[in-house]
Amino acid sequence: QVQLVESGGGLVQAGDSLRLSCTTSGRTINNDIMAWFRQAPGKERVFVAAITGSDSTHYTDTVKGRFTISRDNAKNTVYLQMNNLKAEDTAVYYCAQANAPPERVLIVIAQRAFDAWGQGTQVTVSS
């Protein structure tokens, strides 16, 4: 059984940085598409960033230039470095894993075709 566990969330001030981690057990992440989504109170869960098995990255426009997704296959962990945080970044952040090749990343994101999800970690940014 694949399990994803997120960590690193917290309460910060606008302009601060946080690094989220997502560690997978039960399956290696080496060739998988790994992604971060977020869900603000009263809103739907939305895509934030993804990284493929070939290390290509994709971001939603609102975080480009501020967030960086990366992976450490040896640790079976994916990270989300978040800089210059804004109040509108406040949300529960979820990690997701898809057993899919890099060329399918846009379809996987659009269809939310992920095989496993984490339980989420809260990020709160005070203005």
Side-chain angles (χ1 to χ4, degrees):
Q1 182 179 359
V2 178
Q3 290 189 326
L4 284 67
V5 178
E6 302 98 334
S7 61
L11 172 63
V12 296
Q13 294 186 334
D16 286 351
S17 298
L18 275 178
R19 189 178 79 158
L20 305 183
S21 300
C22 171
T23 300
T24 298
S25 61
R27 176 178 172 84
T28 62
I29 69 169
N30 295 27
N31 299 311
D32 287 354
I33 296 170
M34 302 296 298
W36 289 94
F37 286 74
R38 66 186 180 187
Q39 187 168 15
K43 296 187 177 181
E44 66 177 16
R45 191 175 300 187
V46 296
F47 168 74
V48 177
I51 185 168
T52 71
S54 61
D55 286 337
S56 64
T57 57
H58 303 264
Y59 299 93
T60 190
D61 287 345
T62 55
V63 308
K64 284 180 180 177
R66 299 189 300 122
F67 290 11
T68 302
I69 189 170
S70 62
R71 63 198 296 154
D72 185 336
N73 290 339
K75 295 182 178 180
N76 235 31
T77 298
V78 63
Y79 303 99
L80 186 67
Q81 177 67 43
M82 305 185 295
N83 298 330
N84 190 23
L85 282 160
K86 305 176 181 181
E88 51 265 40
D89 295 318
T90 295
V92 177
Y93 283 72
Y94 297 90
C95 177
Q97 182 171 7
N99 177 16
E103 58 267 28
R104 289 187 54 84
V105 60
L106 296 181
I107 294 175
V108 168
I109 293 170
Q111 298 182 350
R112 310 286 179 94
F114 291 90
D115 302 296
W117 293 81
Q119 82 291 346
T121 186
Q122 176 71 47
V123 172
T124 303
V125 185
S126 63
S127 57

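Under a hydrophobic clustering in which Ile, Leu, Val, Met, Phe, Trp and Tyr are joined whenever their side-chain heavy atoms come within less than 4.5 Å, directly or via other members, Ile69 and Leu20 fall into the same cluster. Under the 4.5 Å side-chain heavy-atom criterion for Ile, Leu, Val, Met, Phe, Trp and Tyr, Trp36 and Val92 are members of distinct hydrophobic clusters. In this structure, Val108 is not a member of the same hydrophobic cluster as Tyr59, with clusters built from ILVMFWY side-chain heavy atoms closer than 4.5 Å.
Note that the CD atom of Gln81 and the CG atom of Leu18 stand 8.5 Å from one another [nearest 0.5 Å]. Here the OG-CG distance, from Ser17 to Leu85, works out to 6.5 Å after rounding to the nearest 0.5 Å. Considering OG of Ser25 and CD of Gln1, their distance stands at 8.5 Å, rounded to 0.5 Å. Rounding to the nearest 0.5 angstrom, the gap separating the CD1 atom in Ile107 from the CZ atom in Arg112 is 15.5 Å. In this structure, CD on Gln3 lies 10.0 Å from OG1 on Thr24, to the nearest 0.5 angstrom. If you take CG on Asn83 and OG1 on Thr68, they are separated by 6.5 Å, rounding to the nearest 0.5 Å.
There is no side-chain donor-acceptor pair under 3.5 Å between Thr77 and Ser21. Of the N and O atoms on the side chains of Arg71 and Asn30, not one donor lies less than 3.5 Å from an acceptor on the other residue. Using modelled atom types, one finds no donor on one side chain facing an acceptor on the other under 3.5 Å when comparing Gln97 with Asp115. No side-chain donor from either of Glu88 and Thr90 sits under 3.5 Å from a side-chain acceptor of the other.
Nearest heavy atom pair, residue Ala14 against residue Ser127, reads CB-CA, 4.2 Å. Shown here for Leu4 and Gln119, the closest heavy-atom pair between the two residues is O-OE1, 3.4 Å. When every heavy atom of Ala91 is checked against every heavy atom of Ala40, the shortest pair comes out as CB-N, 3.8 Å. In plain terms, the two heavy atoms of Val2 and Ala116 that are nearest each other are CG1-CB, 3.8 Å.
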Go through Val78 and Ile51 one step at a time and tell me if the side-chain contact (heavy atoms from CB on, under 4.5 Å) criterion holds.
CA-CA 9 Å; Val78 63; Ile51 185 168; 4.1 Å; yes
side-chain contact (heavy atoms from CB on, under 4.5 Å) between Asn99 and Arg27: does it pass, once the steps are laid out?
CA-CA 10 Å; Asn99 177 16; Arg27 176 178 172 84; 2.8 Å; yes
Candidate pair Tyr79 and Asp72, rule side-chain contact (heavy atoms from CB on, under 4.5 Å), full reasoning
CA-CA 8 Å; Tyr79 303 99; Asp72 185 336; 3.9 Å; yes
Stepwise side-chain contact (heavy atoms from CB on, under 4.5 Å) test for Val123 and Met82:
CA-CA 10 Å; Val123 172; Met82 305 185 295; 3.9 Å; yes
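By the 4.0 Å N-to-carboxylate-O rule, Asp89 lies close enough to Arg38 to be salt-bridged with it.
Taking the centre and axis of the six-membered ring of Trp117, the NZ or CZ atom of Arg45 falls inside the cone set by 45° and 6.0 Å.
Taking the side chain as every heavy atom from C-beta outward, Val63 and Thr60 approach each other to under 4.5 Å. Looking only at side-chain heavy atoms (C-beta outward), Cys22 and Tyr94 stay at 4.5 Å or farther from each other. Looking at heavy atoms from C-beta onward, Ser7 lies out of side-chain contact with Thr121 at the 4.5 angstrom threshold. Counting only heavy atoms from C-beta outward, the side chains of Val46 and Gln39 never approach each other to under 4.5 Å. Between Val48 and Phe67, the closest side-chain pair of non-hydrogen atoms falls below 4.5 Å. Within the 4.5 Å cutoff, the side chain of Thr28 has heavy atoms near those of the Asn76 side chain.
With hydrogens and angles ignored, the 3.5 Å screen pairs no side-chain donor or acceptor of Asp32 with any backbone N or O of Met34. A distance-only check finds a donor-acceptor pair linking the side chain of Arg66 to the backbone of Asn84 [under 3.5 Å].
Between Phe114 and Phe37, the distance from one ring center to the other falls under 6.0 angstrom.
Annotation for Gln13: atom CD does not count as buried by contact number, only 12 or fewer foreign heavy atoms lying within 6.0 Å.
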